[in-house]
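Heads up: the structure comes next, in structure tokens.
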Amino acid sequence: MLMQGLILQLTRGGFLLLLVLFVLAVMRVLRADIYAGAGLRAPSRPPRQKRSRGLLGRSKVAHTLVVTHGALAGTRITLDQNPILIGRADDSTLVLTDDYASNRHARISPRGSDWYLEDLGSTNGTYLDRAKVTTPVRVPLGTPIRVGKTAIELRP
């Protein structure tokens, strides 16, 4: 009798422990999803990227915008000193046929030798390497920019 009661209590304790561990795991996953989706874990500026040095010691600068994922994958736009407007509007530099993109979604504009990304009040947001863009941020070379289902990168 005493042994059966002990086994029953140990079984109950084991199930309770498993339940607590399961709830903690679910909370951890939910917390990560909520904060990543809202961009709350994003640093105030994008992480530093090591600058590559050419043969003459010059740092590489962006000369091309490349669509890496989405309906326009493979599209290349040569960069000059004019800003790049991204959206569904016909007068955009990069016209997207994406239901998740706004008419005037984002702008990439030059400041010196760097390029800065800003969201233009889009409905679904603009992301720089998983971080939601809320203020103009510098775009390092090769860092993915996501606008709806489209991903683009600056390349040398």
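Because the structure is a prediction, the values reported are computed rather than measured. Values reported hereafter were calculated over all heavy atoms of this structure, with side chains retained and with hydrogens, waters and symmetry mates removed.
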For R107, check side chain to side chain donor-acceptor pair (under 3.5 Å) against everything at least two apart and list the hits.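 Counting only residues at least two positions away or on another chain, R107 forms a side chain to side chain donor-acceptor pair (under 3.5 Å) with E118.
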Starting from the C-alpha separation in whole Å, work towards a yes-or-no answer on side chain to side chain contact (heavy atoms under 4.5 Å, CB included) for T134 and D119. CA-CA 7 Å; T134 55; D119 184 79; over 6 Å; no
Does [X] share a hydrophobic cluster with [Y], counting links as ILVMFWY side-chain heavy atoms below 4.5 Å and allowing steps through other members?
X    : Y    : result
V147 : L79  : yes
L30  : F22  : yes
L117 : V95  : no
L141 : L94  : yes
I77  : L154 : yes

Within this structure, what is the [atom1]-[atom2] distance for the pair [X] and [Y], rounded to the nearest 0.5 Å?
X    : Y    : atom1 : atom2 : value
E153 : D129 : CD    : CG    : 9.5 Å
Y116 : R138 : OH    : CZ    : 6.5 Å
L65  : W115 : CG    : CH2   : 8.5 Å
R88  : S122 : CZ    : OG    : 11.0 Å
N124 : T126 : CG    : OG1   : 9.5 Å
S92  : N103 : OG    : CG    : 7.5 Å

Could you walk me through whether H63 and T78 satisfy the side chain to side chain contact (heavy atoms under 4.5 Å, CB included) test, starting with their C-alpha distance in whole Å, then the side-chain angles of each, then the deciding distance to 0.1 Å, before giving a yes or no? CA-CA 6 Å; H63 293 292; T78 302; 5.9 Å; no
Do the side chain of T93 and the main chain of L85 share a donor and acceptor less than 3.5 angstrom apart? yes
Using modelled atom types and a 3.5 Å cut-off, is there a donor and acceptor pairing between side-chain atoms of H105 and backbone atoms of T123? no
In a check of side chain to side chain contact (heavy atoms under 4.5 Å, CB included) between I7 and each of Q9, M3, Q4, which one passes? M3
Applying the side chain to side chain contact (heavy atoms under 4.5 Å, CB included) test to I152, which of L96, I86, V66, T68 qualifies? I86
Residues at least two apart in sequence or cross-chain that pass side chain to side chain contact (heavy atoms under 4.5 Å, CB included) with L21, listed by chain then number, are L17
For Y100 and K149, work out which heavy atoms get closest and say how close.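 The pair with the smallest heavy-atom distance is CE1-CE, 3.2 Å.
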Hey, mind stepping through R12 and L8 against side chain to side chain contact (heavy atoms under 4.5 Å, CB included) and telling me if it holds? CA-CA 6 Å; R12 285 182 183 168; L8 183 61; 3.7 Å; yes
Other residues, nucleotides and ligands only: do more than 12 of their heavy atoms fall within 6.0 Å of CG on D90? no
Are D91 and R104 close enough for a salt bridge, meaning some N to O gap below 4.0 Å? yes
